Participant: 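One structure, as structure tokens, below. Some questions next.
Quick note: numbers below take in every heavy atom, side chains included, and nothing from hydrogens, waters or symmetry partners. What you see is a predicted model, and the numbers here were worked out from it, not measured in a lab. Quick note: residue numbers are just sequence positions, from 1.
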Amino acid sequence: MKKLSILVIIGIVCITSMVKAGVPDYVICDEGVRYFEKVRYGLNSNLVGISEAGRLRYQAEDVISFRRNGRVYERMPVIRNHMETGRYNFMELVAYRNGMKVFRESPGGIPGRKSHDLIVYKDGKYVVRFDGKNSDNLGRFFFSPDLVASDR
């Protein structure tokens with residue numbers, strides 16, 4: 001009986017280790033949330049969701065938010081000289097706290113390009129941009145103090 005119990009436990013452990021426990025890529029638009037095996041960029045500012053059923057294309061202006069390769073991107077207003085320009089780009093969500101979100105601005109509006117420009121939004125409205133004067137205080141507010149100290 002003990003051998004059978006041990007074999008059953010080993011079988012359960014083997015099966016559970018093969019289960020994929022990660023959060024899948026998704027696209028959020030007005031119709032709701034759709035989950036995909038992979039989300040990639042198409043031509044002409046399109047997003048393409050790939051699943052077993054096939055491919056589904058989205059226009060960039062129809063997408064509210066999406067997740068790709070473990071990173072969440074949201075469509076946010078572009079800020080220049082502390083003013084909204086009327087244009088929108090996808091920005092990577094870095095942190096959020098107390099209803100405010102920190103986004104990493106993507107150069108040229110292309111998600112995935114590395115940038116160090118961080119902008120704070122609340123309810124889709126611009127609040128402040130990280131700069132030399134406020135980055136220490138904002139960093140302590142949004143991120144753990146250990147992470148802020150190790151970045152210097």
Side-chain angles (χ1 to χ4, degrees), residues 7-131 134-135 138-144 146-148 150-152:
L7 286 175
V8 169
I9 292 172
I10 290 173
I12 291 172
V13 169
C14 289
I15 290 172
T16 57
S17 67
M18 292 187 302
V19 173
K20 195 175 182 181
V23 177
D25 290 349
Y26 61 79
V27 174
I28 300 174
C29 57
D30 291 334
E31 294 91 36
V33 181
R34 300 273 320 247
Y35 294 95
F36 298 100
E37 292 174 9
K38 185 177 183 179
V39 172
R40 66 178 175 86
Y41 305 111
L43 299 175
N44 302 326
S45 302
N46 293 331
L47 285 173
V48 179
I50 301 171
S51 66
E52 291 178 7
R55 297 176 186 200
L56 190 57
R57 298 183 196 290
Y58 293 94
Q59 293 293 325
E61 47 279 344
D62 297 336
V63 176
I64 298 168
S65 175
F66 69 94
R67 177 183 163 101
R68 179 177 186 255
N69 296 333
R71 296 175 187 227
V72 176
Y73 298 91
E74 291 186 21
R75 191 169 177 257
M76 301 303 294
V78 175
I79 306 298
R80 295 292 178 253
N81 299 325
H82 305 287
M83 301 283 293
E84 292 184 17
T85 62
R87 294 187 351 244
Y88 291 86
N89 280 339
F90 288 110
M91 298 184 192
E92 180 185 353
L93 179 62
V94 178
Y96 56 90
R97 184 172 180 190
N98 292 350
M100 292 186 284
K101 297 179 180 181
V102 177
F103 289 93
R104 178 175 290 125
E105 188 174 26
S106 302
I110 301 170
R113 280 192 177 173
K114 295 296 179 193
S115 171
H116 298 288
D117 294 336
L118 299 176
I119 303 174
V120 179
Y121 290 90
K122 183 172 184 171
D123 299 326
K125 301 291 183 195
Y126 170 73
V127 176
V128 69
R129 182 183 293 268
F130 276 61
D131 61 18
N134 64 16
S135 64
L138 289 173
R140 277 198 284 318
F141 179 75
F142 284 106
F143 307 105
S144 123
D146 299 330
L147 294 176
V148 175
S150 66
D151 286 344
R152 294 181 189 159

Participant: Under the rule for side chain to side chain contact (heavy atoms under 4.5 Å, CB included), what residues qualify as partners of V94, not counting sequence neighbours?
Facilitator: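 V94 satisfies side chain to side chain contact (heavy atoms under 4.5 Å, CB included) with V102, R104, L118, F143 once adjacent residues are dropped.
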Participant: Is there a side-chain contact between F130 and I119, using heavy atoms and a 4.5 Å cut-off?
Facilitator: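 When only atoms from C-beta onward are counted, I119 and F130 do not touch, as no gap falls below 4.5 Å.
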Participant: Under the side chain to side chain contact (heavy atoms under 4.5 Å, CB included) criterion, do N98 and F142 qualify, and how do the steps go?
Facilitator: CA-CA 9 Å; N98 292 350; F142 284 106; over 6 Å; no
Participant: Please find the pair of heavy atoms, one from E105 and one from V78, that lie closest to each other, and give the distance.
Facilitator: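 Here E105 and V78 meet closest at OE2-CG1, 4.3 Å.
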Participant: Please list, chain by chain and in numerical order, all residues satisfying side chain to side chain contact (heavy atoms under 4.5 Å, CB included) with Y88, sequence neighbours excluded.
Facilitator: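 For Y88, the residues satisfying side chain to side chain contact (heavy atoms under 4.5 Å, CB included) (neighbours in sequence not counted) are R75, P77.
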Participant: Please answer whether the main-chain N or O of I50 pairs with a side-chain N or O of D25 as donor and acceptor at a distance below 3.5 Å.
Facilitator: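 No; judged by distance alone, with no hydrogens or angles, the pair does not exist.
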Participant: Are any of the side-chain heavy atoms of V27 and V39 separated by less than 4.5 Å?
Facilitator: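 In contact.
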Participant: Shortest non-hydrogen contact from Y126 to E84?
Facilitator: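 Scanning both residues completely, I find the closest heavy atoms to be N-OE2, 4.0 Å.
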Participant: Taking C-beta and beyond as the side chain, do E52 and E37 meet within less than 4.5 Å on heavy atoms?
Facilitator: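 Side chain of E52 against side chain of E37, heavy atoms only: contact under 4.5 Å found.
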Participant: How many angstroms lie between atom CG of D123 and atom NZ of K125, to the nearest 0.5 angstrom?
Facilitator: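 Atom-to-atom, D123:CG and K125:NZ are 9.0 Å apart.
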Participant: Any side-chain heavy atom of R55 within less than 4.5 Å of one from R40?
Facilitator: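 Heavy-atom side-chain distance check passes, below 4.5 Å.
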Participant: F141 ring centre to R97 NZ or CZ under 6.0 Å, with the angle to the axis within 45°?
Facilitator: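 Pair R97/F141 counts as cation-pi.
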Participant: Would you mind reporting whether Y41 and L47 have side-chain heavy atoms less than 4.5 Å apart?
Facilitator: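 Of all side-chain heavy-atom pairs linking Y41 with L47, at least one is under 4.5 Å.
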Participant: Nearest 0.5 Å, what's the NZ-CG distance between K38 and N69?
Facilitator: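 Nearest 0.5 Å value for the NZ-CG distance: 7.5 Å.
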Participant: When you compare the side chain of V48 with that of Y58, does any pair of heavy atoms fall below 4.5 Å?
Facilitator: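 Of all side-chain heavy-atom pairs linking V48 with Y58, none is under 4.5 Å.
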Participant: Tell me whether the count of non-hydrogen atoms from other residues, nucleotides or ligands lying under 6.0 Å of CZ in R129 goes above 12.
Facilitator: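 For R129, atom CZ is crowded (more than 12 foreign heavy atoms under 6.0 Å).
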Participant: Is the shortest heavy-atom distance from the side chain of Y121 to the side chain of E74 under 4.5 Å?
Facilitator: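 The answer is no; the side chains never approach within 4.5 Å.
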Participant: State the CD-OH distance between E92 and Y73, to the nearest 0.5 angstrom.
Facilitator: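 Reported value, rounded in 0.5 Å steps: 4.5 Å.
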Participant: Measure from the ring center of F90 to the ring center of F66 and say whether it is less than 6.0 Å.
Facilitator: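 Aromatic pair counts; centres sit under 6.0 Å.
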Participant: Flag the pair S51 / L56 as yes when at least one side-chain heavy-atom distance between them is below 4.5 Å, and no otherwise.
Facilitator: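 Not in contact.
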Participant: How close do M91 and F103 get, heavy atom to heavy atom, and via which atoms?
Facilitator: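 Smallest interatomic distance, heavy atoms only, reads O-CD2, 3.6 Å.
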Participant: Any chance you could measure S135, atom OG, to R140, atom CZ, to the nearest 0.5 Å?
Facilitator: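 One finds 9.5 Å between OG of S135 and CZ of R140.
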Participant: Report the distance from atom CG of N46 to atom CG of D62, rounding to the nearest 0.5 Å.
Facilitator: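 It is 9.5 Å, given to the nearest 0.5 Å.
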Participant: What distance separates R87 CZ from N89 CG, expressed to the nearest 0.5 Å?
Facilitator: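 So the gap between those two atoms works out to 6.0 Å.
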